[in-house]
Amino acid sequence: MAKESGKYPIKHLIGFLLSIVLTLLSVWAALGSDLPVIWIIAAIMLLAVIQAGIQLFMFMHMVETKGVGHAPWNMMFHSFVVATIIVSGSLFTMSFGFTHDHDGEGNHQHEEQQEMQKDHSGH
Amino acid sequence: MQLDEFFVTGEPLIYGGMVAIALVTSAILFILTYFKKWGWLWREWLTTVDHKKIGIMYILSALAMLFRGGADALMMRTQLAFPNMQFLNAQHYDEIFTTHGTVMIIFMAMPFLIGLMNIIVPLQIGARDFAFPFVNALSFWSFFFGAMLFNISFVIGGAPDAGWTSYTPLAGAAMSPGPGQNFYLMGLQLSGIGTLATGINLMVTILKMRAPGMTLFKMPIFTWSTFITSFIIVFAFPILTVALALMTIDRIFGSQFFTLTGEGMPMMWANLFWMWGHPEVYIVILPAFGIFSEVIATFARKRLFGYNAMVWSIILIAGLSFLVWVHHFFTMGAGAFVNSVFSITTMLIAVPTGVKIFNWLATLYKSRIVLTVPMLWSLAFIPSFVIGGVTGVMLGMAATDYQYHNTYFLVSHFHYVLIPGTVFACFAGLVYWYPKMFGHKLNERIGKWSFWLFLIGFHVCFFPQYFLGLDGMARRIFTITPEWFTLNFISTMGAFMMGLAFAIFVYCIYYSYRYSEREISGDAWGYGRTLEWATPTPIPAYNFATVPQVNTHDAFLEMKEKGKTTFDEENLEPIHMPNNTGKPFIMMGILFFASFFLVFEWITLAVIGLIGGLVMMIIRSFDYDDGHHIEVDEIKRTERAARGL
Ligand code: HEM
Ligand SMILES: [Cu+2]
């Protein structure tokens, strides 16, 4: 329980404000902007990378030399693995063998989903 | 909103529930006032940051939730044994299986285990409290208020009815309007804060606060399993948090993540849910494995066989638990390749699990077993759990799962792993460590009655359900056809045996409180191997007057041989302890109301509540409370009294 009284945690405040601003920006990109979908996705991904950077450098002791001693490489590695599992695993299970036809006409996905729903009578 | 929309009306059973709640609440209020216990309650319990007291509050709440979930179970079994009696209608049945599942997993199994971890882990590693005692109190109150929020749903607003899995689109706003499903979302969200915080807290505690000399591979096995469980919590719970948040936004603010319209993907909910959900079942089984390992080693009076293999298999199980989630929805139809991949990872989990089973058997082999009640629960666990595991592998084969999925075969499988696994472990752990918590043992004779009745009741209840499943009886149905009647009736009789066994267990607690001999030695069973038994009973607030040097895996065994204690009078120093604080209780109380308002979609009030929570956080940030010191004189007095010197 090291006491850091006296020092004003200015870095943390900036980091906190920045992460809120970034979040609001991505909300605006999704809801308020008229950008094409692909741009929105790219922008949000970029914002996410910046967000992760802020977390690591401003809160996770990445650049601290004294005190805790070392950056939490172990936790960062595990988080990275889990994030990879979540993203690529979802893509794999949710899209492999399905056709996703988002642009009107085909309506493939919808038919398929309705069929699935029938099989799934029990919840 | 009218009052009769706010309260649930028209159901005699629920009116009964309301009356019971009103009676119990006023009885408690009366007793507290009459005996002038309000100050005591506030000072000793509501504001405590002591890990032992917080653990006890976790366990008491979990027992209450076991009662609630058990009552739900008995109502369902009654309906299924007498389908023509119209005991429950379809809607009511749906609500009950939903609350039963949610309460049992989220508000019974996890808090029970976390309660045991709270009390035992710091003692096992020679620590004086958690790394963050304030956060620990916060965690408990977040769980407690989350559980309360979920539990009031059946009298206020209406209970959720889309299953503990809450699959969309059924659970979405279009098909489940009203506050019911919101209770599920907010109750889990609120208590999830606490679970996540406890995961971090335990991880830091175990990494940073071990006694000198206790390397990771000298930690007791229960501490190891807690440590790995904390990792699973920290990595799995954020997925649930996000999934719940997305569904909340869907339902309350009209987004389309999981809806059928607007390009939503309902199956994405199932995907996210089980990405958390499968690790979750390992969150409730790994600590149980740890408890059984401790109990078996103690009462086999032998060193745990294959300690290293045990540790590595826990780690392997934890890793694999993140790679199998699709086995819960093979029938979604993702295609043979996807299903095959997850089929194989699922079956792989059985390998480290099997290693553990053989290690327990090897520990028992040629040992001199002492048949105490905790040992009975642990011995019964092994064969019962094997049945659950084998049927798990059967379910894990994607092609056959098309037959078993969502039948009573599945219901039987997960009860065979959750009850002999988690519930038996909770009983074993509670009875085993009871003398540490309350200063006296539970009566062995009554305990054995309750054990045998529960064990037999369990098998009578769930074994027939495998065959019901193979006969095609689907899960979550409220009425049955005549061909399923006999097995259902037998099953219900087993359920009531378990209910009776639980009642006997509660009576045992009362009886032992009145008549059991008080403990004078810290090592209540006489066979203790790990550091928790080195502390005196009752355990002083600071746990260890002097922290021992650890050289072997069974630290206390070595201390006993060398005649050492945790009271080395020469080397006493003042001990720094945290102060009690009411802030965690108040902060979570405020968030409880914020969540309650959000359940009813009263946005302004919810926002006000949220601001209240933020204000509490700011107040906490300017809190310079440094705790207090316990002086050497006082330590001497306490230790001498406790050790009868
Ligand atoms: C040998 C290890 C295990 C294997 C191979 C296994 C396999 C499976 C499979 C394939 C399913 C899905 C079946 C279906 O929906 O058709 C399932 C469901 C389930 N398992 Fe296991 N399992 C194992 C151990 C456990 C353990 C240790 C627990 C918890 C303590 C557990 C709890 C559950 C639960 C709660 C469900 C049902 C969830 C629901 O649909 O509501 N399983 N298991
Ligand atoms: Cu699973």
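As the structure is a computational prediction, the values presented were derived from the model and not from experiment. Convention: sequence-line order gives letters A, B, ...; per-chain numbering from 1.
- For chain A, no part of F132(B) is nearby; none of its heavy atoms comes within less than 4.5 Å.
- The local environment of CD in Q256(B) is crowded, with over 12 non-hydrogen atoms from other residues, nucleotides or ligands closer than 6.0 Å.
- Atom CD1 of I20(A) is surrounded by more than 12 heavy atoms from other residues, nucleotides or ligands within 6.0 Å.
- Atom CE in M94(A) sits 4.0 Å away from atom CE in M265(B) (nearest 0.5 Å).
- At most 12 non-hydrogen atoms from other residues, nucleotides or ligands lie less than 6.0 angstrom from CZ of F16(A).
- For the atom pair CH2 (W325(B)) and CD1 (I86(A)), the distance works out to 8.5 Å, reported to the nearest 0.5 Å.
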**Report entry** side-chain contact (heavy atoms from CB on, under 4.5 Å) evaluation trace for F322(B) with V81(A)
**Finding:** CA-CA 10 Å; F322(B) 280 91; V81(A) 171; over 6 Å; no
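- Residues of residues 239-248 of chain B placed with any heavy atom under 4.5 Å of a heavy atom in chain A are listed by number as I239(B).
- Rounded to the nearest 0.5 angstrom, F92(A) CZ and F337(B) CZ are separated by 5.0 Å.
- Looking at every heavy atom in both residues, S90(A) comes nearest to M268(B) through CB-CE, 4.2 Å.
- Between M332(B) and T93(A), the shortest heavy-atom contact is CE-O, 3.6 Å.
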